[in-house]
Amino acid sequence: MRIASLSDFLLQRIDRGREANGARKAVNRQIYQVIREAILDQSLPAGLQLPSSRFLAQELKMSRNTVTYAYDQLLAEGFLESRVGAGTFIANTEPDQIVTAAAAAAPAGPLQGGELSLSTRGQQLVELAGVSKTQWGAFMPGVPDVTQFPNKIWGRLQNKYWRRSRSELLTYSGGEGYLPLREAIADYLRVARSVNCDASQILITTGIHQSLDLVARMLSDHGDHAWVEDPCYWGTRSVLRSVGVRTVAIPVDGEGLQLRPEDLRHPPRIIVVTPSHQYPLGMVMSLSRRRALLEYAAANNSWIVEDDYDSEFRYGSRPIASLQGLDVHERVLYLGTFSKTLFPGLRVGYMVVPPVLAESFSTGLSELYRCGHSYTQAILTDFMTEGHFASHIRRMRVVYAERLRLLHEAITFHFDDRIIITGGEAGLHLALGLPDACDDIAICEAARQQGIIVRPLSKYYSDAASARRGLMLGYGCVPDEQIRPAFDILAGVIKAHWPGAHTQAERVK
Ligand SMILES: Cc1ncc(COP(=O)(O)O)c(C=O)c1O
């Protein structure tokens, strides 16, 4: 290609680009883009000499700086090469032949419509995903009332820290997290949750999901198995399976995990339980089952993971003491979160690990996730040590107790005692049992179309065929005055899917 025709060629392509993109791109970016594309589509062949920047600038009627900028960028990215004393040339950008030959042997081509090249684990994660796209509104389970969070106090503490910049809060943190926060959490857990710990055993994470992920990676190998409750929190299953741990579902009854002789013959590496408030059904694990589990784990080299996600909110009595506090064998890893007590978007949780694991877990966290958020952790420390955390929990306990009462009232109004309510003594949700003939998944879908979010109980079980039917209702984020109207709508949907059912409201009319 002669130099004069190269100028014409570039001008034509610049004009074409302008027509397509308007005049939005800076002129130097336009030249850069045009030459780059022409090299990639081989309109400009390797080895072709480019005119000097001065000449091209004259030809294109542009400033020399504009052309120099484009040349410099293309040189830096390897599209051009300059040969001393000779000028600037199109570089040879052909891929390495060894690589192209290997690629030709197994032609891949673009993905066909709908085809995903996910791993088996990735595919399973997506297929079995439980997370809801909506995270707010009646009756989204497990979400606290974030509108009641004391923003002003948090803002004041935040300003305090941002006013004086501290490099140790802005750089990466150690895997274990900010020491003053770990001390504050240890103080809190010893008193409020009867956890045996000191700050050296505490690690700060982004929440229970991350804590469980770390436990699974650090304590199990691919193909090991873990016991999970049946039904259980969908996130527990997803996290464990995504790192290659096989989950074995153990049924729960009114006392928690109900172990069968055949289960006991195959000790798992990890046992995940929610002893203070079984998720999703809400019962408390009995003391004899707690003791048996601790003994079994110690004797069989298993680790117990205690997911203590919402025990701060217990309405009729004091919060149930942790399982970890009973453990004399140091086999329990206690997982907690600020997602329910403060707000989920904070993404701060903590784990208490046996002393023997503390250092390796801190290294593991740091290696996997490159930790930070020290500023947030410093603010949270003051929030706790100045007493705002405890007073927020006290205040919200009253708010949620009233919402729970209103929800009970609405359920009873519509269904008398024909619906069994479980788990309504603690936390931010309850479960409504439905007859087997009710399709709880269809009810949830129909409710969603009327603006009400509920989750099907059957989805929390390992086997859909034998799963109990029911609905999970959260009341934490529903203002008092919306509880009754929202439940009225839901009651209508349930009734429409409940063969032969008549609501109390209808009978009253
Ligand atoms: C039983 C249970 N564990 C863990 C979590 C998630 O906790 P985090 O937000 O700390 O990851 C939830 C959230 O709803 C939950 O219900």
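Being a predicted model, the structure only gives us computed values, none of them experimental. Order of listing sets the numbers, starting from 1, for every ligand and every atom in it.
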What's the verdict on side-chain contact (heavy atoms from CB on, under 4.5 Å) for Leu259 and Trp227, showing C-alpha distance, side-chain angles and the deciding distance? CA-CA 10 Å; Leu259 289 162; Trp227 286 349; 3.3 Å; yes

Please tabulate protein-ligand N/O pairs under 3.5 Å for ligand 1, atom names and distances to 0.1 Å.
{"unit_1": "ligand 1", "atom_1": "3 (N)", "unit_2": "Asp307", "atom_2": "OD1", "d": "3.4"}
{"unit_1": "ligand 1", "atom_1": "3 (N)", "unit_2": "Asp307", "atom_2": "OD2", "d": "2.6"}
{"unit_1": "ligand 1", "atom_1": "9 (O)", "unit_2": "Ser339", "atom_2": "OG", "d": "2.7"}
{"unit_1": "ligand 1", "atom_1": "9 (O)", "unit_2": "Arg347", "atom_2": "NH1", "d": "2.9"}
{"unit_1": "ligand 1", "atom_1": "10 (O)", "unit_2": "Ile208", "atom_2": "N", "d": "2.7"}
{"unit_1": "ligand 1", "atom_1": "10 (O)", "unit_2": "Thr337", "atom_2": "OG1", "d": "2.6"}
{"unit_1": "ligand 1", "atom_1": "10 (O)", "unit_2": "Ser339", "atom_2": "OG", "d": "3.4"}
{"unit_1": "ligand 1", "atom_1": "11 (O)", "unit_2": "Ile208", "atom_2": "N", "d": "3.1"}
{"unit_1": "ligand 1", "atom_1": "11 (O)", "unit_2": "His209", "atom_2": "N", "d": "3.1"}
{"unit_1": "ligand 1", "atom_1": "11 (O)", "unit_2": "Arg347", "atom_2": "NH2", "d": "3.1"}
{"unit_1": "ligand 1", "atom_1": "14 (O)", "unit_2": "Lys340", "atom_2": "NZ", "d": "2.6"}

Do Leu357 and Trp303 pass the side-chain contact (heavy atoms from CB on, under 4.5 Å) test, and can you show the C-alpha distance, the side-chain angles, and the key distance before you say yes or no? CA-CA 11 Å; Leu357 297 179; Trp303 296 99; 3.8 Å; yes

Leu128 atom CG, over 12 foreign heavy atoms within 6.0 Å: yes

Give me each pair satisfying ring pair (Phe, Tyr, Trp, His ring centres under 6.0 Å) with a member in residues 461-495, each pair once, sequence neighbours excluded. His414-Phe487

May I ask you to check whether Phe389 and Tyr188 place their ring centers less than 6.0 Å from one another? yes

Grab the two heavy atoms, one from Ala447 and one from Val493, that are nearest each other, plus how far apart they are. N-CG1, 3.9 Å

